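Data first, discussion second: the structure below is written as structure tokens.
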Amino acid sequence: MSKNAKKTAIRITRAEDFPAWYQEVIKEADMAENSGVRGCMVIKPWGYGIWERLQRRLDQRIRETGHENCYFPIFIPLELIEKEATHVEGFAKEMAVVTHHRLVEKDGKLEPAGKLESPLVIRPTSEAMIGESFARWIRSYRDLPVKINQWANVVRWEMRPRMFLRTSEFLWQEGHTAHATEAEARIETETMLEVYRQLAEEWLSIPVIPGEKSESERFPGAVETHTIEAIMQDGKALQAGTSHFLGQNFAKAANIKYQAKDGSEEFVYTTSWGVSTRMIGALIMTHGDDDGLRVPPTVAPHQIVILPIARDEETAGVVNPAAAELAKRLNAENVFGEAVRAHVDSRDINTGEKRWGWIKKGVPLIVELGPKDLEKGSVMVTRRTDIYAKAPEDTDVFVGAAPEHLEAIQRKLFDDAASLRDARLETGISDFAAFKEYFDTEDASKLGFVRAKWCGDASSEEQLKKLSVTIRCLPYDQDGKEGVCVITGKPATVDAIFAKAY
RNA sequence: CGGAGCGUAGCGCAGUCUGGUAGCGCACUACACUGGGGGUGUAGGGGUCGCAGGUUCAAAUCCUGUCGCUCCGACCA
């Protein structure tokens, strides 16, 4: 057994075993747990609280960009799904199907009784369902555009589930729009990807690379798929959000037509875009350290946790009201456009245990308040970004500066992640031998993204498959220079981002 | 769907080869001492050993079947 210089709160460090560390953080931060059903998880209050804050922000941005929320059913008639061929092909293998209804008791056990005449699919996504509605809602160019969103759960019967990253059931938001013109639909696609980029970078402090997917990585049935790709601490990529330009594919499949000004009948152009609970996985793998999670203050269920220190009833009588008063003062402050969220942890357990519990959960600021502090008019402050630098601060100064402290932590998380991204971005590889060598490593500390020229040949992607490397995206910031394809050596001008992925 | 493994207390496991009345650690409860880096002691509570059948005087242990989960691949937000 190796002896660490410092004891870490998470027993398995990132360097030792990243996937095991990831599972451990989820467990120790009390975010979620596996349920009895394969691939399904129970999202516990701390994990769900983070999701709710992310959700609130994203929902606000979706409304600001002119969309309305609504809700469609979880069951999709099989016939509806069958309409878009590529779409079916892409999702068929992972669809959960309901074939029976009602249960009867037989030999002391419950058995399905009535078989459904027509099976129902549990939505893996709602393009088919919503397309059917769009076809009925849209008659004239005056009905366009239609811009809706729904917050829902979807089911994809994945081969290999992983908490938050790939669960059989997951929560997400799916936006669906229909437009009269291709140009408008393309703008919509870009707009929403930009909303996602901002959500990731500005709200979650997760730096991403926005770009377009190559053909083989495209959403089934889409004309173009756009993505934000994030770099995890083990050098692997994670698709954190997608926006699809669907062209007229779904319009033709679902017969979504409108009458134009000139009286002609036209198919609409549609888009769809989504962000899921996978984002929580991205958050963990971007910001977590060997002491647990580090939650960006914007989405932390508690931004500040106050620990009253009292060894007997008498001091408790003084300290507890003071802690409550401090929380009240902090909650009156504003940060990120909302009230500060401070919480007093008055559970009857040791302070040390409480402290480490909140460190593992990633609370940005921990404030200890004891009799000595009260005498001096100060508080003992720990920042999650530097847990070994605990120091006293004047209470009044701390309260007034709390928003700035939180903003600083938010920035620090982004800066840390951005420097990791830069360190993991390899731009100096131009031939396939060097490329293979780069990815042929078990050492997670050396893995990362390669940015290089790509000729666009579908066959070249076959070469990548052997290395379990994929093209993550063709980034928007193309340099346009002539070069050679890193795989085939053919002339190429397009820049691509290559990486191993989750 | 291929390969591997595991189902014994809330969690993590030992016990299974070589059948003999179920054990450890953590967690939990009570009390005492503690209390600003996750503390110490004492005393407790908790299990039809995944499920079904078989062999046996006797099954967590042997046999057959079955269900479930985890990990590694192909697939994916």
Side-chain angles (χ1 to χ4, degrees), chain A residues 6-11 17 19-20 23-24 27-28 33-40 89-95 107-109 124-125 152-174 196 213 216-220 225 227-230 237-244 272-282 291-292 306-312 315-316 319 347-360 366-374 376 378-382 387-392 465-466 468 470 501-502:
Chain A
K6 274 176 189 162
K7 187 186 167 194
T8 58
I10 300 298
R11 287 176 200 291
D17 186 343
Q23 299 284 344
E24 199 67 12
K27 190 176 147 196
E28 292 295 319
E33 63 190 16
N34 274 317
S35 76
V37 180
R38 181 194 151 73
C40 292
E89 210 179 300
F91 282 106
K93 288 163 292 185
E94 53 188 61
M95 285 199 269
D107 304 328
K109 294 201 167 175
T125 178
N153 58 340
V154 290
V155 168
R156 298 183 188 177
W157 216 253
E158 300 289 355
M159 298 301 168
R160 197 150 90 73
R162 302 189 62 176
M163 288 223 262
F164 287 113
L165 299 177
R166 199 185 306 103
T167 44
S168 299
E169 178 193 12
F170 58 93
L171 306 181
W172 77 349
Q173 136 299 298
E174 51 178 324
Y196 290 160
K213 284 287 187 190
S216 67
E217 297 285 322
R218 213 172 270 160
F219 174 76
T225 288
T227 176
I228 49 172
E229 294 287 324
L238 186 71
Q239 183 173 322
T242 49
S243 184
H244 314 291
S272 69
W273 26 274
V275 154
S276 74
T277 35
R278 170 180 273 189
M279 197 63 115
I280 307 288
D291 293 308
I306 301 163
L307 305 180
I309 313 289
R311 75 194 70 184
D312 51 50
T315 41
V319 169
R347 290 174 300 163
D348 183 22
I349 54 173
N350 283 324
T351 306
E353 201 174 333
K354 284 186 195 176
R355 199 177 122 79
W356 283 106
W358 292 116
I359 284 171
K360 287 189 282 193
I366 297 172
V367 176
E368 289 163 54
L369 184 66
K372 290 176 199 164
D373 302 299
L374 286 177
K376 286 182 281 190
S378 65
V379 289
M380 196 64 86
V381 181
T382 305
I387 61 171
Y388 295 99
K390 189 160 83 171
K465 225 172 178 180
K466 292 173 200 158
S468 56
T470 47
Y502 275 96

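Everything numeric here is computed off the predicted structure, so don't read it as measured data. Note that these values count all heavy atoms, side chains included, but never hydrogens, waters or copies made by symmetry.
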May I ask which nucleotide in the shown strands pairs with [N], Watson-Crick or G-U wobble, both distances under 3.5 Å?
| N | answer |
| --- | --- |
| B/G47 | none |
| B/C71 | B/G3 |
| B/G19 | none |
| B/G53 | B/C63 |
| B/C11 | B/G25 |
| B/G38 | none |

Rounded to whole angstrom, note down the [atom1] distance from [N] over to [M].
| N | M | atom1 | value |
| --- | --- | --- | --- |
| B/U21 | B/C17 | P | 14 Å |
| B/U61 | B/U8 | P | 14 Å |
| B/C49 | B/A30 | C1' | 30 Å |

Task: OG on A/S378 to NZ on A/K372, rounded to 0.5 Å - done: 11.0 Å
- [ ] For the side chain of A/K27, starting at C-beta, report the closest nucleotide among B/C76, B/C75, B/C11.
- [x] B/C11
Task: Whole angstrom value for the distance that separates P of B/C1 from CH2 of A/W157 - done: 13 Å
Open item on the list: Can you measure A/E353 atom CD to B/G35 atom P for me and round it to whole angstrom units?
Closed with: 16 Å
TODO: Please state whether the phosphate of B/G73, meaning OP1 or OP2, lies under 4.0 angstrom from any side-chain nitrogen or oxygen of A/K466.
DONE: no
Task: Whether A/F170 stacks on the six-membered ring of B/A77 base, 5.5 Å and 30° limits - done: yes
Donor-acceptor pair (no angle test) under 3.5 Å: [X] side chain, [N] base:
| X | N | result |
| --- | --- | --- |
| A/N350 | B/G38 | no |
| A/R156 | B/C76 | no |
| A/D312 | B/G35 | no |

Open item on the list: Under a 3.5 Å distance rule, please check whether A/R278 uses its side chain to pair with a backbone N or O of A/L165 as donor and acceptor.
Closed with: yes
Open item on the list: Treating A/Q173 as the side-chain partner and A/V275 as the backbone partner, does any N or O pair qualify as donor plus acceptor under 3.5 Å?
Closed with: yes
Open item on the list: Between A/H244 and A/D373, which residue's closest nucleotide on RNA chain B lies nearer the 5′ terminus?
Closed with: A/D373
Open item on the list: Do A/T227 and A/E217 have side chains that approach each other closer than 4.5 Å (heavy atoms only, starting at C-beta)?
Closed with: no
